[in-house]
Amino acid sequence: MTVQLSDTLTPHQSVTYFFDRAADCIGLDDEMRDVLRGSYRELSVQVPVRMDDGRLMVFNGYRVQHNGARGPYKGGIRYHPEADIDEVRALAALMTWKTAIADLPFGGAKGGVQCETYLMSESEKQRLTRRFTGMIAYILGVNRDIPAPDMNTNAQTMAWMMDEFGKRYGHNPACVTGKPVELGGSLGREAATGRGVVFTAIEHAKRTGVPLEGARVAIQGFGNVGSWTARLIAETGARVVALSDIRGGIYNEKGIDVEAAWTQQTLTGSIVDLEGCDKLSNDELLLLDVDWLIPAALGGVIDSRNAANIKARVIVEAANHPVTPVADAALGDAGVTIVPDIIANAGGVTVSYFEWTQNIQQFRWEEEQVNEQLQKVMRKAYADVASYAENKSLSLREAAFAIAVQRVARAANLRGYV
Ligand code: GLU
């Protein structure tokens, strides 16, 4: 049974809805549909951690491997209270489609631990990471499954993971990506997702004639992805009029000084008190009268309740699944173009791929080379999708899923999966 459009779809049902549409569009046979709809393996673990005050807390952890037809499983590890099995399953499937669209030799996976990192000390996070890594290590590996950072995890988290993995199986930096540069991380990896978002926006602007220069841009989220997107899009001459983080948003019609916002966050932990800006909520930010809207935080923020009030003409999905299927349909009808997550935010995993190859070759690329190659991959992914969409009169999301599903199905066929 295919997933029907509804207001109450879970994250995984939403991703499956887009998959089903693509499967219909390319005429995928039922057997291959069954293989690609579900996860290959889902590991659920209990992660007990001794907190600094002596209490024991037990967290739920997951690693979901969705599909490995095109290569080793690949995807980040998220620390977030909402990272439950359904969410992680959805994100793992998105990784399969994302690596296929970027044409990287990887499958898709995702990990998550349901925890509130802002309440945890560095040593608590370290103990959590080591314990979790120890529990999932037997399904990981350089040629098997390679984690990376995601929401509330970073290069330090990857250093702990690499160390813990190495204790069991021997040191190999290629077992995780997004590591600190000192430990074999790639130059340019930290900015890569945001840089990829901006490269995609540039391609979209060129192709559609909707200029970025002087355009008014609102970005929701000022974590790794949102902050780098903001910095780099400002360099294109776009006017960033609104930004937000977990504590709220800021607005300045004349354009926010993004570097000042960055400094403000470094100094105070938040951008909300940046001088010269009006305050607004995260919900209000989404409804601003802007040219480009870039959700770069959680999934499902644009749904049936607010879709009709979105004023932006282009939405670039820096976050994973920020637009629900009902909202996607409504926005499409209203003529809003959505550049979907599986193209727009593929820059992170693309530079993860470069990091993995550098580690395997024991060689380091210059940052310039990383960024150049990233641009090439993003350009090609966007062009493949935009041409397919134009030829078949599809939305960019429909086209992206159709191409990705075709590529994965082809690999699965060649391997003789079905
Ligand atoms: N967590 C990032 C994503 O959602 C990067 C994954 C990776 O580098 O493997 O795409």
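Numbering of ligands and ligand atoms starts at 1, following listing order.
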Given L331, which partner from the list V323, T337, V326 fulfils the side chain to side chain contact (heavy atoms under 4.5 Å, CB included) test?
V323
Taking the cut-offs as 6.0 angstrom to the six-membered ring centre and 45 degrees off its axis, would you call R379 and F199 a cation-pi pair?
no
Partners of E398 by salt bridge (charged side-chain N to carboxylate O under 4.0 Å, His left out), sequence neighbours excluded?
R21
Do the ring centers of Y40 and H66 come within less than 6.0 Å of each other?
no
Ligand 1: which residues have a non-hydrogen atom closer than 4.0 Å?
K74, G75, G76, M95, K98, K110, A148, P149, D150, R189, N320, G348, V349, S352
Hey, does the side chain of T236 reach the backbone of L232 with a donor-acceptor pair shorter than 3.5 angstrom?
no
Are K392 and Y388 in a cation-pi contact, defined as NZ or CZ under 6.0 Å from the six-membered ring centre and within 45° of the axis?
yes
